[in-house]
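Below is one structure, written out as structure tokens; the observations come after it.
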Amino acid sequence: MQKECHAAQRKNSGRGILKTRQRMNRPLSASEMSLVRWMLENGVPEASAFLPQVEHLQVTPSRCPCGCATLCFQLIGHDPAPPGVGILGDFFFDDAGLVAGVFLYQSEGLVSGLEVYGLEGEAPRHLPSESMLRSIA
């Protein structure tokens, strides 16, 4: 999914289009914001440095063609993050009896996405709650 996020964002990332693209973005819901914050607080040691970005993230209209719950982010006032994946937190969760995963990632210092994936089945079409997550390590 990460490639789709960045490809869609790069397509229209010119300076003159930045404000128009950000108007198409939406704020994170309360549950999305809570999940991202939890993942930063419980992820890799350096993840906590990204906490100040949470209040300024928006969800882009980019969607994975498989229909999973993956989200792409853009920080208000910034161009879309360039391609790249620096994992900030990676967790397992139970999805109707099947093991699934979710990871939060950054690129060049910008929180840029939340990837949901299936390990024993298709990628879930919903985001897990923080209480469902367990550490991979």
Side-chain angles (χ1 to χ4, degrees):
M1 171 54 204
Q2 190 262 339
K3 290 179 185 174
E4 286 84 2
C5 282
H6 293 302
Q9 288 177 347
R10 274 195 321 271
K11 190 165 107 178
N12 294 316
S13 66
R15 281 276 182 216
I17 299 174
L18 178 61
K19 288 184 182 180
T20 301
R21 286 203 45 76
Q22 285 188 340
R23 280 194 296 258
M24 294 171 31
N25 294 347
R26 66 166 177 81
L28 274 68
S29 68
S31 60
E32 291 165 347
M33 188 174 292
S34 180
L35 177 62
V36 170
R37 184 178 306 282
W38 188 93
M39 291 179 75
L40 289 171
E41 290 170 346
N42 294 277
V44 298
E46 58 273 16
S48 62
F50 291 84
L51 281 166
Q53 292 184 26
V54 175
E55 299 291 326
H56 307 285
L57 289 176
Q58 292 185 323
V59 177
T60 72
S62 301
R63 292 291 170 259
C64 182
C66 83
C68 69
T70 292
L71 298 174
C72 299
F73 300 130
Q74 185 173 355
L75 192 62
I76 294 172
H78 291 264
D79 285 329
V85 176
I87 302 296
L88 296 170
D90 197 1
F91 301 91
F92 291 133
F93 66 98
D94 180 279
D95 181 51
L98 299 174
V99 178
V102 60
F103 66 87
L104 183 69
Y105 61 94
Q106 62 85 20
S107 178
E108 293 191 21
L110 299 172
V111 177
S112 51
L114 182 96
E115 178 88 17
V116 180
Y117 56 96
L119 291 167
E120 295 183 323
E122 291 186 22
R125 297 183 183 275
H126 63 276
L127 292 175
S129 65
E130 304 89 277
S131 64
M132 297 170 68
L133 301 181
R134 52 187 204 272
S135 178
I136 287 179

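For this chain, numbers begin at 1 and follow the sequence in order.
Taken from CD in E122 to SG in C68, the straight-line distance is 10.5 Å, to the nearest 0.5 Å. With rounding to the nearest 0.5 Å, the separation of CG in L71 from CD in E115 is 10.0 Å. Rounding to the nearest 0.5 Å places CE of M39 at 11.5 Å from OG of S34. Distance check: Y105 OH to D90 CG gives 12.5 Å after rounding to the nearest 0.5 Å. Taking CG of L75 as the start and CG of N25 as the end, the distance is 11.0 Å to the nearest 0.5 Å. Separation of atoms OG1 (T70) and CZ (R63) is listed at 9.5 Å; rounding is to 0.5 Å.
Annotation: side chain to side chain contact (heavy atoms under 4.5 Å, CB included) contacts of E108 (sequence neighbours excluded): P82. Looking at residues two or more places apart in sequence or on another chain, you find no ring pair (Phe, Tyr, Trp, His ring centres under 6.0 Å) involving F50. By the side chain to side chain contact (heavy atoms under 4.5 Å, CB included) test, S129 is found to be paired with S131, M132, residues two or more places apart in sequence or in another chain being considered. The side chain to side chain contact (heavy atoms under 4.5 Å, CB included) test applied to L119 returns F92, V99, Y117, not counting sequence neighbours.
Contact detail for C72 and S62: the closest heavy-atom pair is SG-CB, 4.0 Å. The minimum heavy-atom distance between A123 and V116, with the atom names listed, is CB-O, 3.8 Å. Across all non-hydrogen atoms, the minimal contact from E120 to G97 is OE1-O, 4.0 Å. The nearest pair of heavy atoms linking D79 to Q74 is C-NE2, 3.9 Å. Considering all non-hydrogen atoms of both residues, V102 and P128 come closest at CG1-CG, 4.0 Å.
Linking Ile, Leu, Val, Met, Phe, Trp and Tyr whenever their side-chain heavy atoms come within less than 4.5 Å puts L51 and L110 in one cluster.
Using a 4.5 Å heavy-atom cutoff, the side chains of V54 and M33 are in contact. For the pair T60/F73, no side-chain contact is recorded, criterion being any heavy-atom separation below 4.5 Å from C-beta on.
Applying the salt bridge (Lys or Arg N to Asp or Glu O under 4.0 Å) rule to pairs touching residues 95-107 yields nothing, sequence neighbours excluded. Within the structure, side chain to side chain donor-acceptor pair (under 3.5 Å) pairs that include any residue of residues 37-54 comprise R37-E55 (at least two apart or interchain).
The aromatic ring centres of F93 and F91 sit 6.0 Å or more apart.
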For side chain to side chain contact (heavy atoms under 4.5 Å, CB included), just list the numbers for V59 and E32, CA-CA rounded to whole Å, side-chain angles, deciding distance to a tenth of an Å, and then say yes or no. CA-CA 10 Å; V59 177; E32 291 165 347; 3.8 Å; yes
